[in-house]
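Comments concern the structure below.
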2 protein chains.
Amino acid sequence: MKISEVAELTGLSVSTIRFYEKSGLCPIIQRGTDGKRRFSKTDADWLDLLASLRATGMRMSEMRIFADLYASGDATIPKRKDALLAHRQSLAARQAELERYRTILDRKLQKYDEIMKDQK
Amino acid sequence: MKISEVAELTGLSVSTIRFYEKSGLCPIIQRGTDGKRRFSKTDADWLDLLASLRATGMRMSEMRIFADLYASGDATIPKRKDALLAHRQSLAARQAELERYRTILDRKLQKYDEIMKDQK
DNA sequence: GCTTGACCTGAAGTGGCTTCAGGTCGGTAT
DNA sequence: ATACCGACCTGAAGCCACTTCAGGTCAAGC
């Protein structure tokens, strides 16, 4: 797979993918004879998972830990699962937070409505 | 009100509040004879609203527009309401996105479970 | 009178990218 | 054959939204 295709698939930008490789968030990608990156299905899948983690607010430092576990092979799967569980927890917390803020904004909007009615 | 109290109230850090003032996101705050900032109730309320906007992902550039409307007085309330409505829309979109990602993570977790069962 | 702690400032540092300048390569149109 | 194009490459610089730092003022309490 070409880098542009992985970008399309994952929603990450081409630069972000290169940046993630340089930062050690994914394995070093194989190159073709032309010097261009050739992504395996496994590489692409991993980057797709990273994209989900990033989109849900996981920090690079945490992603790096996760990536190091990934690089150490299948024996780390239980640990990876634990990390993912913890992240799902923090995602749920974030969702609850956003829900709280939504009601705050709604109340503020209501206030604006009242002010505008009074002035009419 | 002292800056530390406003920080406590809004959840913004003391530095962020100073940074917001410097960036024109809130009115220039009055100073006491000692040179320290004295926040009015109105200032504090405004910063509290800003905190909600920031927490729900509004960009500084957008906040600045909103702040400029605020600085121009009550006549801009309808425009401010429109801006807030638009932001509520984008918040709802963000919430939907997070919900999608949550199911993706759940599926991934399930896969890990299966792998771990197989290996047992 | 000396220390402590909350405040002040401008400047530099950080995370997580994005953009830029400049270069290589393979394919196609003239 | 050569000129151009687009996709890729690199390292470095830029950007946003803060945070941290170095160094300073001042009032209050010991």
Handout entry: Protein-nucleotide distance (A:Arg38, atom CZ; C:dC25, atom C1'), rounded to Å
Key = 12 Å
Handout entry: Distance, rounded to the nearest Å, where A:Leu47 contributes CG and C:dC17 contributes P
Key = 12 Å
Exercise for the section: Classify the side-chain pair B:Asp43/B:Ser40 by whether it contains a donor and acceptor separated by less than 3.5 Å. Expected result: yes
Fill in the blank from the handout: In the 5' to 3' direction, the nucleotides of DNA chain D bounding the stretch that comes under 4.0 Å of a heavy atom in chain B are D:dA17 to D:dT20
Exercise for the section: Would you mind telling me which residue lines up with the more 5' stretch of DNA chain D, A:Val14 or B:Met60, judged by nearest nucleotide? Expected result: A:Val14
Exercise for the section: Using atom OH of A:Tyr20 as one end and atom C1' of C:dG16 as the other, report the distance to the nearest whole Å. Expected result: 7 Å
Practice task
Let me know the distance between CD1 of B:Ile3 and C1' of C:dG5, rounded to the nearest Å.
Solution key: 15 Å
Completion exercise
Closest to the 5' end of DNA chain D, once B:Asp34 and B:Arg64 are matched to their nearest nucleotides, is B:Arg64
Exercise for the section: Specify the separation, in whole Å, of atom CZ of A:Arg54 and atom C1' of C:dC17. Expected result: 8 Å
Exercise for the section: Would you please confirm or rule out a distance under 4.0 Å between OP1 or OP2 of C:dT18 and any side-chain N or O of A:Ser13? Expected result: yes
Exercise for the section: Indicate yes or no for a side-chain donor-acceptor contact from A:Ser13 to the backbone of A:Thr16 under 3.5 Å, with no hydrogens or angles considered. Expected result: yes
Exercise for the section: Decide yes or no for A:Arg37 and A:Val6: does some side-chain heavy atom of the first lie under 4.5 Å from some side-chain heavy atom of the second? Expected result: no
Handout entry: Phosphate-side-chain proximity, A:Thr16 and C:dG16, N/O vs OP1/OP2 below 4.0 Å
Key = no
Fill in the blank from the handout: In whole angstroms, the gap separating C1' of C:dT18 from CZ of B:Arg59 amounts to 12 Å
Practice task
Examine C:dA6: is either OP1 or OP2 under 4.0 Å from a nitrogen or oxygen in the side chain of B:Arg37? Give yes or no.
Solution key: no
Exercise for the section: With heavy atoms under 4.0 Å as the rule, sort B:Ser15 into base, sugar-phosphate or nothing. Expected result: base
Exercise for the section: Hey, could you give me the CD/NE2 distance between A:Glu62 and A:His87, rounded to the nearest 0.5 Å? Expected result: 7.5 Å
Handout entry: N-O pairing of A:Arg64 and A:Asp68 below 4.0 Å
Key = no
Exercise for the section: Mind checking A:Arg31 for me? I need base, sugar-phosphate or nothing, with any heavy atom below 4.0 Å counting as a touch. Expected result: sugar-phosphate
Handout entry: Touch class at under 4.0 angstrom, heavy-atom based, for A:Arg18 against every strand present
Key = base
Handout entry: Protein-nucleotide distance (A:Leu50, atom CG; C:dG16, atom P), rounded to Å
Key = 13 Å
Handout entry: Carboxylate-amine/guanidinium proximity below 4.0 Å for A:Arg102 and A:Glu99
Key = yes
Problem - Short N-O contact, B:Glu114 and B:Lys117, less than 4.0 angstrom - result: no
Problem - Distance, rounded to the nearest Å, where A:Lys36 contributes NZ and C:dG27 contributes P - result: 9 Å
